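First comes the structure, then the notes that go with it.
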Amino acid sequence: MRNSIIIFISAVFLAAPQAVCAQSGSSVMPFLLMDSDARTAGMAGAGAILPDNPSAALHNAAAILTGERSGGAAVSAGPWNTAFDAADVLCSAGGYWNIDGRNGIVAAVRYVPGDKIALTDDWGYPAGEARPYDLAAEIGYARGFGEHFSVALTARYLRSDLGLGEAPMQGVSFDLAGVYRHGIAFRDGAQWSVGLKIADLGPSVKSGTGAGYALPMRATASGHVRLPFSEDHVLNVVADIGCRFSPASFEAAAGAEYVFLRHGIVRAGCHAGDALSGGNYAAAGCGFIAGPVSCSASWRFAGDGPLDNTICFTLALLL
């Protein structure tokens with residue numbers, strides 16, 4: 001068990017500087033940094049290692065072995081502005097399956113449509129429309145070691161297309177993640193966990209002309225405490241600290257999720273960071289649980305980032 005933890009941490013920190021040195025130029029695929037599900041968006045981006053999260057492939061896939069459910073799926077959309085303009089809205093679908101407590105799989109798809117572009121011919125007459133889009137499809141595997149430790153590897157295919165008939169920008173990347181969890185003795189069901197993730201390891205994304213563009217490779221350290229006051233009331237407290245390597249950027253987020261009367265959910269969080277990581281802002285969210293189904297919404301308050309005053313929605317099914 002101890003050897004497994006040492007091997008995982010060593011692999012992460014040995015891989016990170018090599019990948020940074022291999023990257024050059026400006027980062028692309030900015031949608032990879034956006035919160036696409038209302039659960040984490042309602043806590044200002046914190047909550048990467050929350051258990052029972054169908055969107056775990058987008059956060060820390062190793063956390064799927066720490067929850068009580070055997071699987072789940074979710075669809076999300078956002079951030080929407082107050083005019084509900086569909087352009088540049090991140091739509092995602094994801095799911096996970098905890099096979100036997102020691103093995104699990106995750107999968108997700110993200111899609112961002114851009115604004116339509118009016119095309120004209122050589123004489124200036126209308127010649128149809130083009131619609132750019134960004135796409136990411138990922139699949140991952142999680143493995144548990146002993147009662148407390150789990151690791152995960154996620155592979156991702158990336159595509160960015162201007163819709164003009166030219167060759168799209170394409171690439172692959174990989175995430176390496178781990179979670180350590182432990183019970184808290186003073187209360188049944190109480191648990192704390194910590195996690196580490198290195199995201200978007202891999203070669204530069206290639207354009208149709210062969211030019212390479214660096215992915216926004218980043219590292220995130222996460223913490224989570226689960227405090228069940230009773231079967232009907234549970235408090236989750238989370239915190240995440242992240243850094244982006246190319247270009248350099250830092251951020252921190254903290255939040256809380258309270259499930260009350262078994263059916264209601266309220267969330268809140270705050271985020272601190274530079275302009276590249278989204279700036280400083282606060283967020284809140286709410287939702288409800290009806291059997292295996294949960295619905296959530298989040299609101300990002302005005303701060304100093306481009307996504308201020310936006311809302312996210314998520315519909316999830318947990319088994």
Side-chain angles (χ1 to χ4, degrees), residues 15-16 19-20 22-41 44-48 53 55-61 74 76-79 87-94 106-114 132-140 152-162 168-177 195-207 212-220 222 240-251 253 271 273-279 300 305-307 310 312 314:
V20 174
Q23 299 187 56
S24 61
S26 301
S27 293
V28 293
M29 308 286 183
F31 75 98
L32 296 175
L33 306 175
M34 295 169 61
D35 292 321
S36 60
D37 67 281
R39 189 179 189 189
T40 55
N53 189 354
S55 301
L58 311 181
H59 303 291
N60 188 320
S76 301
D88 298 324
V89 169
L90 177 57
C91 301
S92 67
V106 296
V109 176
R110 285 176 279 183
Y111 175 77
V112 184
Y133 70 86
D134 290 327
L135 173 72
E138 46 219 297
I139 187 169
L153 175 66
T154 303
R156 181 179 300 107
Y157 167 72
L158 301 163
R159 182 184 180 96
S160 183
D161 195 332
L162 290 176
M169 184 180 297
Q170 301 183 82
V172 295
S173 67
F174 302 89
D175 295 351
L176 184 62
L196 181 65
K197 174 184 174 181
I198 297 291
D200 289 313
L201 294 162
S204 299
V205 174
K206 299 295 184 181
S207 68
Y213 298 88
L215 289 167
M217 198 194 77
R218 56 204 186 278
T220 303
S222 307
D240 290 47
I241 300 175
C243 65
R244 181 170 152 195
F245 296 106
S246 179
S249 177
F250 297 90
E251 62 181 325
H271 179 280
D274 52 28
L276 289 174
S277 64
R300 175 167 168 169
L307 301 179
T310 54
C312 292
T314 296

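Computed from a prediction, not measured in an experiment: that's the story for all the values here. Worth knowing before you read on, the calculation uses all heavy atoms, side chains too, and leaves out hydrogens, waters and symmetry mates.
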For Ser277, all residues meeting side chain to side chain contact (heavy atoms under 4.5 Å, CB included), sequence neighbours excluded: Ser249, Glu251, His271, Asp274
Shortest non-hydrogen separation from Arg244 to Pro216 and the atoms involved: NE-CB, 3.7 Å
All salt bridge (Lys or Arg N to Asp or Glu O under 4.0 Å) counterparts of Arg218, not counting sequence neighbours: Asp200
Distance in Å, Leu201 CG paired with Ser173 OG, rounded so as to fall on 0.5 Å steps: 8.0 Å
Closest non-hydrogen atom pair between Cys312 and Asp35, with its separation: SG-O, 4.0 Å
From CD1 (Ile139) to OH (Tyr157), nearest 0.5 Å: 15.5 Å
Side chain Thr314, main chain Ala38, donor-acceptor under 3.5 Å: yes
Gap between atom CG of Leu196 and atom OG1 of Thr220 - 0.5 Å precision: 8.5 Å
Over all atoms of both residues, closest heavy-atom pair of Val205 and Gly171: CG1-N, 4.3 Å
Spacing of Asn60 atom CG and Thr154 atom OG1 [to the nearest 0.5 Å]: 8.5 Å
Results of salt bridge (Lys or Arg N to Asp or Glu O under 4.0 Å) for Asp175 - residues two or more places apart only: Arg156, Lys197
Closest approach of Gly78 to Val89 (non-hydrogen atoms, all atoms of both residues): N-CG1, 3.5 Å
Shortest non-hydrogen separation from Ser222 to Ala48 and the atoms involved: OG-CB, 3.5 Å
Sub-4.5 Å side-chain heavy-atom contact between Asp240 and Thr40: no
Pairwise distance CE(Met169) to CG(Leu162) - rounded to 0.5 angstrom: 8.0 Å
For Asp161, salt bridge (Lys or Arg N to Asp or Glu O under 4.0 Å) partners two or more places apart: Arg159
Leu135 atom CG, over 12 foreign heavy atoms within 6.0 Å: yes
Partner set under side chain to side chain contact (heavy atoms under 4.5 Å, CB included) for Ser92, not counting sequence neighbours: Ser36, Leu58, Ser76, Arg110
Under the ring-ring contact (aromatic ring centres under 6.0 Å, His included) test, residues paired with Tyr111 that sit two or more places apart: Tyr133
